[in-house]
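Input: a single structure, listed below in structure tokens.
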Protein chains: 2
Amino acid sequence: MEQVRQKGETRASDVLQRLRDDILSCELEPGSKLKFEALRERYEVSFSTLREALARLAAESLVTSEGQRGFVVAPVSIEDLQDLTNARVLLERENLRLSMEKGDDAWEAHILATYHRMDRLQNRLGDHYYFDPEWAQLHSGFHHSLVCASGSPVLLEMREKLFERAHRYRRMSSQFRTQWRPKEIEHKAIMDAVLDREPVALDLIEQHIRETTDNVITFAGHLFRGPQGEAV
Amino acid sequence: MEQVRQKGETRASDVLQRLRDDILSCELEPGSKLKFEALRERYEVSFSTLREALARLAAESLVTSEGQRGFVVAPVSIEDLQDLTNARVLLERENLRLSMEKGDDAWEAHILATYHRMDRLQNRLGDHYYFDPEWAQLHSGFHHSLVCASGSPVLLEMREKLFERAHRYRRMSSQFRTQWRPKEIEHKAIMDAVLDREPVALDLIEQHIRETTDNVITFAGHLFRGPQGEAV
DNA sequence: CTCAGCAATATTTTCGAAATTGTTGATGTG
DNA sequence: CACATCAACAATTTCGAAAATATTGCTGAG
């Protein structure tokens, strides 16, 4: 009747995306219980449709499902953050290495294009660009463009999933960050090194990833409570 | 009424496991369409329950779901095999490296125990151990024991998923293999190197993985048809 | 003969009620 | 008072019919 859904897009996949967004933006608190009745009302879908979306998110490790006790938003913890970071470094380096080896002119052009768009929006938004959802999209796109020529669908998909999983921690980092300048310079430096096929690019991207993690642990580490701890 | 299901185990998770097994054992042919009506009869569950299981498998890349056109068993292809192999090598090496660095006495004991069980069953079964489901289980357990001390849940989970995804190709390899001896010796050599913390273990495990892949490409490569090709 | 348009059929997707299972709290016993 | 038992309740899980969508096959115009 009032369906404004893309063709070939199912209602379940729509709810899946909305749920994902709400979890990543922490609108649904980490560690909190996901009750069907409440979600059903929130997203205006039936039990089964919700169930499918939650099952998918469970396979993505964004929610956990234990037996017959329903679903829970995946908790955040220092252990998880550190583990995630190490895994991301491994996959980011490998994808970038392959990408720099195989990337062609079109790939280079794509990087320049995505950087430009991110940079422009950054300037327009001023100091608090980090909280803008559209910027987050462009930022994600820029990092993707760097590695997308690796030619390995499997490695790229894993990288993408980990990048998403890290979003909640990036979000926390930005809340505790005091100096904003470095990130902007870093992106430019990384891009230049990548386009010049300089091996140091691998170390720069690793540093780029680890910096956010260190920032969270330094400023927000004490807020976590144990391995199964929840965010405040 | 006649439920013989484990406690905390849902009907959907039961179907999920059975579907997974049937896909990995190629009882459900790669690339074939999964029709709800047929599956509903096969597993004796309802639409919704099936749907959840399929959604989970889709997130695991064991089935693909395109828009509103249902589900398909993930196809097999040389490109996928090679990609999968490279990804597995990356993750197996990293997990093994960490495991050898951090593993304690209990870990070593666990390796010896799982190897022993696999070896015994191997001798009991004779030349065709590779087709036995129980042996496959023990084989999987042995390889898991080598890396399980890495201390990284994220890396281990990804490794596990890839190991599973590779199962159909291992299966194909065993059908085309003529000489069976090497694998048995390899496992012993790998275990010894790992227990002695010799860095060469990383190369041995990589070779072990790549061997199966090379075998499939040499003997079965011509059976694939293009990038979206299906098995015969 | 080719192909667009449309009707008939097959398949998937969604829904909410019903069944199952887990949880809570009151009651009684050791 | 501690603890097991059980009933009442709350939440999840399952079901199959109904709606929505895709696919197939037919008809007729160009």
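What's counted below: heavy atoms across the whole structure, side chains too, no hydrogens, waters or symmetry copies. Nothing here was measured: the structure is a model prediction, and the numbers come from that model. So that the names make sense, note that chain A is the first sequence line, chain B the second, and so on, each numbered from 1.
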Out of dG16(C), dT13(C), dT12(C), which nucleotide sits closest to the side chain of K35(B)? dT12(C)
Relative to the 5' end of DNA chain C, which residue comes earlier, F36(B) or S48(B), by the nucleotide with the nearest heavy atom? F36(B)
Judged by each residue's nearest nucleotide on DNA chain D, which is more toward the 5′ side, E52(B) or F47(B)? E52(B)
Closer than 4.0 angstrom, basic N to acidic O: yes or no for E44(B) and R18(B)? no
So what does L50(A) hit on the nucleic acid, given a heavy-atom distance under 4.0 Å: a base, only sugar-phosphate, or nothing? nothing
Has K33(B) got a side-chain N or O lying under 4.0 Å from the OP1 or OP2 atom of dT11(C)? no
Counting only side-chain nitrogens and oxygens, does T49(A) get under 4.0 Å of the OP1 or OP2 atom of dC15(C)? yes
Base, sugar-phosphate, or nothing for L39(A), non-hydrogen atoms under 4.0 angstrom? nothing
So do L125(A) and W135(A) actually touch side chain to side chain, heavy atoms under 4.5 Å? yes
Short side-chain N/O contact to dC15(D) OP1/OP2 from R11(B), under 4.0 Å: yes
R69(B) side chain N/O closer than 4.0 Å to the phosphate oxygens (OP1, OP2) of dT12(C)? no
Begin from the C-alpha positions of Q17(B) and D21(B) and carry the test side-chain hydrogen bond (donor to acceptor under 3.5 Å, both in side chains) through to its verdict. CA-CA 6 Å; Q17(B) 188 53 47; D21(B) 287 345; 3.1 Å; yes
Could you tell me how far apart R51(A) (CZ) and dC15(D) (P) are, to the nearest whole angstrom? 11 Å
Less than 4.0 angstrom between a side-chain N/O of R40(B) and OP1 or OP2 of dC15(D), yes or no? no
Nucleotide nearest Q68(B) (side chain, heavy atoms from C-beta), chosen from dC15(D), dT14(C), dT21(D): dT21(D)
If you measure from the Lys or Arg side-chain nitrogens to the Asp or Glu carboxylate oxygens, is any gap between K161(B) and E60(B) under 4.0 Å? no
